[in-house]
Amino acid sequence: MKFYVQSRTDELSNQLMETAKNYLEDFGMEWSEEEPDVVLSIGGDGTLLHAFHKYRGQLDRVAFVGIHTGHLGFYADWKPIEMEKLVLSIAKKEYEVIEYPLLESTIHYMHSDEPAVYLALNESTVKSPDVTLVMDVFLNDSHFERFRGDGLCMSTPSGSTAYNKALGGAIIHPSLQAMQLTEMASINNRVFRTVGSSLVLPSHHRCVLKPVKAPDFMVTIDHLHLLHKDVKSIEYRVAKEKVRFARFRPFPFWRRVHDSFIDNEK
Ligand code: NAD
């Protein structure tokens with residue numbers, strides 16, 4: 001079995017990376033940055049997001065596991081002191097793989113037949129670079145609303161505890177094949193109207209955003225920020241691909257929500 005360790009590159013994460021590498025090689029596992037079966041991410045959720053994007057072309061094989069060297073993360077949920085236990089379980093293959101849904105974002109351009117397609121583990125957001133975002137929102141080809149405001153956020157279930165939560169969106173259990181559209185400061189008055197609530201869409205639905213005037217947008221895909229010019233439409237759907245996490249012990253999603261947002265003392 002092949003493995004790779006992605007470090008946040010701070011001193012503690014690098015030290016732990018060396019320890020994990022030595023242990024796993026002692027157990028006969030092979031270091032492979034090109035084609036790992038297990039990717040150990042050491043740092044925070046951001047480190048795991050980077051690892052996910054590095055291996056987005058190999059998601060059907062790679063299983064991710066995260067150790068946090070800062071505060072408890074959603075994806076980085078192992079403590080550094082648990083490293084030996086973790087490494088032993090990886091070497092003995094004593095883990096199960098759980099799969100979480102992803103978001104597919106397809107950006108179509110006015111002057112090109114080649115769309116850009118991205119996979120997100122947390123979310124994609126759309127903002128206007130300088131003016132208020134004005135977008136027509138279509139759900140399954142039917143016009144739903146004209147949005148005016150700071151921006152829109154489409155999140156995955158596992159990303160629902162990230163940016164989406166800060167925007168007042170619901171927390172969605174990652175066993176649900178869904179995506180959630182959440183508003184950022186919509187303008188609502190007698191002239192302009194949006195639904196105001198987050199929308200949770202099932203996997204057979206699609207959401208298309210079409211520019212009303214300005215066709216240039218800042219689009220984020222997890223930690224990646226990209227300026228897209230001459231956009232015709234942005235299409236969101238639940239991706240066919242899934243992300244695979246190696247689970248070595250039960251740590252139910254709602255327990256992680258509790259420990260991250262309520263208290264982590266018990
Ligand atoms: P980062 O790694 O510093 O992440 C920012 C914070 O989000 C960290 O505390 C991290 O633990 C937390 N986080 C990431 N994914 C999470 C998840 N699925 N559930 C709960 N918490 C999670 O910053 P980055 O590398 O730029 O990461 C990008 C992510 O930051 C984006 O995917 C977005 O979700 C998040 N973000 C949040 C806000 C906000 O809460 N207002 C604003 C912008 C971006």
Side-chain angles (χ1 to χ4, degrees), residues 6-10 12-13 39-56 59 64-80 98-105 118-129 133 149-186 198 200 217-227 234 236 238-239 241-247 251-264:
Q6 173 96 27
S7 162
R8 184 166 52 190
T9 72
D10 57 284
L12 176 59
S13 304
V39 171
L40 203 58
S41 158
I42 304 180
D45 287 328
T47 319
L48 204 134
L49 288 174
H50 279 81
F52 166 79
H53 283 278
K54 181 168 174 161
Y55 293 106
R56 66 185 175 275
L59 295 177
F64 296 90
V65 57
I67 296 178
H68 58 93
T69 47
H71 66 86
L72 169 71
F74 248 79
Y75 302 117
D77 56 5
W78 280 79
K79 296 186 197 114
I98 56 157
E99 294 185 334
Y100 283 176
L102 297 169
L103 175 72
E104 184 184 276
S105 314
Y118 300 94
L119 276 184
L121 175 54
N122 269 351
E123 78 284 289
S124 168
T125 66
V126 183
K127 293 179 190 170
S128 173
L133 179 78
D150 282 2
L152 287 163
C153 171
M154 186 68 92
S155 65
T156 65
S158 64
S160 66
T161 47
Y163 202 169
N164 166 74
K165 183 174 180 298
L167 297 169
I171 297 181
I172 309 270
H173 195 281
S175 61
L176 298 174
Q177 306 298 313
M179 57 184 178
Q180 180 173 187
L181 183 69
T182 303
E183 299 180 354
M184 296 177 196
S186 54
S198 289
V200 179
F217 301 97
M218 278 306 301
V219 178
T220 67
I221 304 289
D222 298 333
H223 57 286
L224 308 165
H225 295 244
L226 304 156
L227 177 66
I234 301 175
Y236 290 121
V238 177
E241 297 88 343
K242 305 250 190 312
V243 61
R244 302 164 77 245
F245 289 102
R247 276 278 168 261
F251 193 5
F253 179 74
W254 296 119
R255 168 57 49 188
R256 257 182 293 154
V257 173
H258 171 274
D259 289 359
S260 295
F261 297 111
I262 305 203
D263 82 85
N264 191 13

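Start at 1 and go down the list; that is how both ligands and their atoms are numbered.
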Notebook entry, point to check: How about atom 1 (P) of ligand 1: does it have a protein heavy atom within less than 4.0 Å?
Noted result: no
Check: Nearest protein heavy atom to atom 8 (C) of ligand 1, by residue and atom, and its distance?
Finding: His71 NE2, 4.4 Å
Next item on the list: Of the side chain and backbone of Ser260, name the one, both, or neither that has a heavy atom under 4.0 Å from an atom of ligand 1.
Entry: neither
Notebook entry, point to check: Considering only heavy atoms, which of Arg256, Arg8, His223 lies nearest to atom 26 (O) of ligand 1?
Noted result: His223
Item checked: Ligand-side contact atoms (ligand 1) for residue partner Glu123, heavy atom cut-off under 4.0 Å -> 31 (C), 32 (O), 33 (C), 34 (O)
Item checked: Ser13 side chain to Thr69 side chain, donor-acceptor N/O pair below 3.5 angstrom -> yes
Next item on the list: Report yes or no: does Asp222 contribute a side-chain atom to a donor-acceptor pair with the main-chain N or O of Asn122 at less than 3.5 Å?
Entry: yes
Check: Does any donor atom in the side chain of Thr125 or Tyr163 lie under 3.5 Å from an acceptor atom in the other side chain?
Finding: no
Margin query: If we ignore hydrogens and angles and just use 3.5 Å, is the side chain of Asp150 paired with the main-chain N or O of Lys127 as donor and acceptor?
Written below: no
Next item on the list: Considering the heavy atoms of Ala166, write down every atom of ligand 1 situated less than 4.0 Å from one of them.
Entry: 39 (C), 40 (O), 41 (N)
Margin query: Please report whether atom 30 (O) of ligand 1 has a protein non-hydrogen atom at a separation of less than 4.0 Å.
Written below: no
Notebook entry, point to check: Between Leu121 and ligand 1, which residue portion shows a heavy-atom distance shorter than 4.0 Å: side chain, backbone, both, or neither?
Noted result: neither
Margin query: I'd like to check whether Thr161 has a polar contact with ligand 1, where a contact means an N/O of the residue lying under 3.5 Å from an N/O of the ligand.
Written below: yes
Checklist line | Heavy-atom nearest neighbour in the protein, as seen from atom 10 (C) of ligand 1, with distance rounded to 0.1 Å | finding: Asp45 OD2, 3.6 Å
Notebook entry, point to check: Which one holds for Ala162 and ligand 1: side chain close, backbone close, both close, or neither close, with close meaning a heavy atom under 4.0 Å?
Noted result: both
Checklist line | Any donor-acceptor N or O pair under 3.5 Å, side chains Thr182, Ser198 | finding: yes
Checklist line | Any N/O pair His50/ligand 1 closer than 3.5 Å | finding: no
Checklist line | atom 23 (O) of ligand 1 protein-contacted, heavy-atom criterion under 4.0 angstrom | finding: no
Item checked: Residue pair Leu176 / Pro101: nearest heavy atoms and the distance that separates them -> O-CG, 3.4 Å
Note to self: Please verify the inter-ring angle class for His223 with His53; under 30° counts as parallel, over 60° as perpendicular, anything in between as tilted.
What the structure shows: perpendicular
Checklist line | side chain to side chain contact (heavy atoms under 4.5 Å, CB included) against Thr156, all qualifying residues, sequence neighbours excluded | finding: Leu103, Ser158
Check: Just which atoms of ligand 1 are under 4.0 Å from any heavy atom in Gly46?
Finding: 2 (O), 25 (O)
Notebook entry, point to check: Where is the nearest protein heavy atom to atom 27 (O) of ligand 1: which residue, which atom, and how far?
Noted result: Leu49 CD1, 3.7 Å
Item checked: Minimal non-hydrogen separation, Phe52 against Leu119, with atom names -> CE2-O, 3.9 Å
Notebook entry, point to check: Does the protein put any heavy atom within less than 4.0 Å of atom 38 (C) of ligand 1?
Noted result: yes
Notebook entry, point to check: For Arg247, does the CZ atom sit with more than 12 other heavy atoms under 6.0 Å from it, leaving out its own atoms?
Noted result: yes
Check: Do side-chain atoms of Asp77 reach the backbone of Leu72 as a donor and acceptor pair under 3.5 angstrom?
Finding: no
Check: For atom 16 (C) of ligand 1, is the nearest protein heavy atom under 4.0 Å away?
Finding: yes
Note to self: Contact between ligand 1 and Ser158 is defined here as a heavy atom of the residue under 4.0 Å from a ligand atom; is it met?
What the structure shows: yes
Item checked: ligand 1 atoms in contact with Tyr75 (distance to a heavy atom under 4.0 Å) -> 18 (N)
Margin query: Which label fits His173 and Trp254: parallel for a plane angle under 30°, tilted from 30 to 60°, or perpendicular past 60°?
Written below: tilted
Next item on the list: Could you see which bit of Tyr163 sits under 4.0 Å from ligand 1, with heavy atoms only: side chain, backbone, both or neither?
Entry: both
